[in-house]
Amino acid sequence: MKKLLKQHAGQIDGLCEPKDHDAATMGFEGEIAKLRSEVASLKANRPTGPPINLPVLLSLNEVCRLTSLSRTAINRWRSLGRFPGAVPLGDKRVAFVKAEVEQWILDQITERDRRRAQQNSHYKPLTK
């Protein structure tokens with residue numbers, strides 16, 4: 001067995017060592033360059049934000065900050081149907097659609113302006 005190993009030792013060493021070290025290195029560098037290019041392409045084509053049609057959800061605390069209403073007031077108005085409905089997210093967790101809350105705020109401003117205009121139409125200035 002030792003004799004066979006000695007006879008073929010040169011062949012085994014030749015198989016283990018690269019015949020052309022520069023070619024082997026260039027092959028790896030080429031593969032690395034291809035992989036870097038693929039990674040750059042994937043990074044460039046990945047989405048950067050939420051899908052365009054996905055509604056933005058707000059937590060109850062965020063809605064409180066946005067409207068300056070308390071949690072209790074929001075929940076009371078929700079139960080009366082006077083505030084946008086909540087989206088259930090799980091056990092004791094709800095969120096609100098941002099666009100609906102913003103529309104509710106605009107509706108409150110419109111209603112205020114309508115009442116003010118109505119009150120002013122009843123007001124008749126004193127004439128001398």
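Computation of the quantities below employed the complete heavy-atom set of this structure, encompassing side-chain atoms and omitting hydrogens, waters and symmetry-equivalent molecules.
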Residue pair Arg71 / Asn61: nearest heavy atoms and the distance that separates them: NH1-OD1, 2.7 Å

If you look at every heavy atom in Ala73 and Ser70, which pair is closest and at what distance? N-OG, 3.0 Å

Contact check, side chains of Val63 and Leu69, non-hydrogen atoms, under 4.5 Å: no

Decide whether Ile109 and Trp104 are clustered together by the hydrophobic rule: side chain heavy atoms of Ile, Leu, Val, Met, Phe, Trp, Tyr closer than 4.5 Å, transitively. yes

salt_bridge(Glu38, Lys34) N-O dist < 4.0 Å: no

Hey, quick one: are Ile105 and Trp77 part of the same hydrophobic cluster, counting side-chain heavy atoms closer than 4.5 Å, chains of contacts allowed? yes

Where is the tightest heavy-atom contact between Glu100 and Gly85, given as atom of each residue plus distance? OE1-O, 4.1 Å

Side chain proximity check, Arg93 to Pro88, heavy atoms < 4.5 angstrom: no

For Arg76 and Thr72, run side chain to side chain contact (heavy atoms under 4.5 Å, CB included): C-alpha distance rounded to whole Å, both residues' side-chain angles, the deciding distance at 0.1 Å, then the answer. CA-CA 6 Å; Arg76 185 176 340 110; Thr72 304; 4.0 Å; yes

Taking side chain to side chain contact (heavy atoms under 4.5 Å, CB included) as the criterion, tell me which of Arg115, Arg116, Gln108, Arg114 meets it with Arg112. Arg116

Is it true that, when you exclude Arg36 itself, more than 12 heavy atoms of the residues, nucleotides or ligands shown sit nearer than 6.0 Å to its CZ? no

Closest non-hydrogen atom pair between Val97 and Pro55, with its separation: CG1-CB, 4.1 Å

In the structure I gave you, are the side-chain heavy atoms of Ile74 and Arg78 within less than 4.5 Å of one another anywhere? yes

